[in-house]
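See below for the structure under consideration.
This is a predicted model, so every value here is computed, not measured. Excluded from the calculations below are hydrogen atoms, water molecules and symmetry mates; all remaining heavy atoms, backbone and side chain alike, are included. When a residue number appears, it is its place in the shown sequence, counting from 1.
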Amino acid sequence: FYICLLINTILSVALPFMLGALTQTGEKMTVASGVLTALSSGVGIIETIFITIFVCNDFSEGATKNFIARGYTRRQLLTAKFFVSVISTMVFLLVNIVGTFVFYSKNGMGFDSSIILYVIGSLAVLFANVGLYVVISNTVEKLGIAIAINLILPNVVSLLFPAISAITKSDVNFSNYWISGLTGLMSYTPTIKEMLLVVGLSFAYLVILFEISNYIIKKKEVK
């Protein structure tokens with residue numbers, strides 16, 4: 001956890017700072033824009049790898065079998081792993097916010113009340129994406145395969161939507177309705193309606209993902 005946290009902080013906070021110092025070009029990033037960027041980008045690669053390792057570790061070490069022998073259900077284990085993964089992701093995010101403040105406070109804060117709704121919607125999307133990675137890892141169980149799927153699948157699916165729009169000749173950006181692109185349905189100053197739409201879709205994704213995973217794993221033999 002601490003190794004992944006350190007790497008994630010360097011990549012998401014210090015690296016943009018160093019690149020900006022080297023190039024000395026582009027608009028200076030305020031604390032608010034840094035936080036919004038972190039929220040918009042969703043679950044980072046390092047966080048995804050940590051979640052996958054955390055979820056799959058119980059299977060590789062035989063802990064899941066012991067939990068079930070004690071009377072816990074697969075649904076309870078999945079839910080517990082989700083909440084722990086959410087908490088760890090929030091720790092990642094909070095450390096990034098602190099790092100962002102340290103590096104970019106000299107450029108100004110940039111906060112105003114208009115971004116509160118965006119933050120709420122973005123957190124809902126963040127939790128939905130955490131749920132996606134937890135569900136995939138818990139369903140696949142094999143660490144290597146789960147990491148590959150978690151890193152590749154969301155991006156591959158996102159690439160399909162421009163093709164769908166082109167084929168259907170629709171002006172609708174379907175990628176905004178995919179779990180990793182839901183923040184595209186909001187502006188940085190969203191209306192309550194936009195925020196509620198994003199929160200509702202995020203919750204719907206979570207429910208559907210959990211039910212699909214539970215359906216698949218309920219009859220699987222626990223090794």
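Side-chain contact between Ile68 and Thr73 is absent, with no heavy atoms from C-beta onward closer than 4.5 Å. Side-chain contact between Asn138 and Phe59 is present, with at least one heavy-atom pair separated by less than 4.5 Å.
Hydrophobic clustering places Phe83 together with Phe1 (ILVMFWY residues linked when any side-chain heavy atoms are closer than 4.5 Å, directly or through intermediates). Using a 4.5 Å cut-off between side-chain heavy atoms of Ile, Leu, Val, Met, Phe, Trp and Tyr, with links allowed through other members, Ile152 and Ile147 fall into different hydrophobic clusters. Hydrophobic clustering, with ILVMFWY side chains joined whenever heavy atoms are under 4.5 angstrom apart, keeps Ile53 apart from Leu153. Follow the hydrophobic side-chain contacts under 4.5 Å out from Leu151 and you never reach Ile51; the two are in separate clusters. Connection of Phe101 to Ile115 is established within a shared hydrophobic cluster, with ILVMFWY side chains joined at heavy-atom distances below 4.5 Å, either directly or through further cluster members.
Judged purely by atom type and a 3.5 angstrom limit, Asn129 uses its side chain to pair as donor or acceptor with the backbone of Val125.
Across every non-hydrogen atom of Thr52 and Thr48, the tightest pair is OG1-O, 2.7 Å. Minimum interatomic distance between Phe92 and Cys4 (heavy atoms only, all atoms of both residues): CE2-O, 3.6 Å. Pairing each heavy atom of Cys56 with each of Ala146, the nearest pair is SG-CB, 3.8 Å. Among all heavy-atom pairs drawn from Val199 and Gly121, the shortest one is CG2-CA, 4.2 Å. Across all non-hydrogen atoms, the minimal contact from Tyr118 to Pro190 is N-CG, 3.5 Å. Between Ile46 and Leu11, the shortest heavy-atom distance links the atoms CG1-CD1, 3.8 Å.
For Tyr188, the OH atom counts as densely surrounded, since its 6.0 Å shell holds more than 12 non-hydrogen atoms of other residues, nucleotides or ligands. With a 6.0 Å radius and a threshold of 12 heavy atoms from other residues, nucleotides or ligands, Leu94 has its CG atom above the threshold. The neighbour count for Ile97 CD1, taken as heavy atoms of other residues, nucleotides or ligands under 6.0 Å away, is above 12.
Summarising the geometry, atom CG belonging to Asn66 is positioned 9.5 Å from atom CG belonging to Asp58; distances are rounded to the nearest 0.5 Å. A distance of 9.0 Å separates CG of Leu132 from OG of Ser137, quoted to the nearest 0.5 Å. The CD1 atom of Ile49 sits 12.5 Å away from atom CD1 of Ile3, with the distance rounded to the nearest 0.5 Å. Here the straight-line distance linking atom CG of Asn150 with atom OH of Tyr133 works out to 6.5 Å at 0.5 Å rounding. Annotation: the span from Asn8 atom CG to Thr89 atom OG1 amounts to 9.5 Å, rounded to 0.5 Å. Note: Ser88 OG to Phe50 CZ = 4.5 Å, rounded to the nearest 0.5 Å.
Salt bridge present: Arg74 and Glu141 bring a charged side-chain N and a carboxylate O closer than 4.0 Å.
Side-chain atoms of Thr139 and Ser213 include a donor-acceptor pair closer than 3.5 Å.
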Practice item. Determine, stepwise, if the pair Asn176 / Leu182 fulfils side-chain contact (heavy atoms from CB on, under 4.5 Å). Key: CA-CA 5 Å; Asn176 288 339; Leu182 290 175; over 6 Å; no
**Study point:** Intermediate values then yes/no, side-chain contact (heavy atoms from CB on, under 4.5 Å), Met90 and Leu123
**Key:** CA-CA 9 Å; Met90 291 303 296; Leu123 285 174; 4.2 Å; yes
Enumerate, atom names and distances included, each donor-acceptor pair closer than 3.5 Å involving a side-chain atom of residues 202-212, sequence neighbours excluded.
residue : atom : partner : partner atom : Å
Ser202  : OG   : Val198  : O            : 2.8
Tyr205  : OH   : Tyr177  : O            : 2.6
Glu211  : OE1  : Arg75   : NH2          : 3.4
Glu211  : OE2  : Arg75   : NH1          : 3.1

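Taking the side-chain contact (heavy atoms from CB on, under 4.5 Å) definition, one finds that Ile145 meets it with Val140, Lys142, Ile149, sequence neighbours left out.
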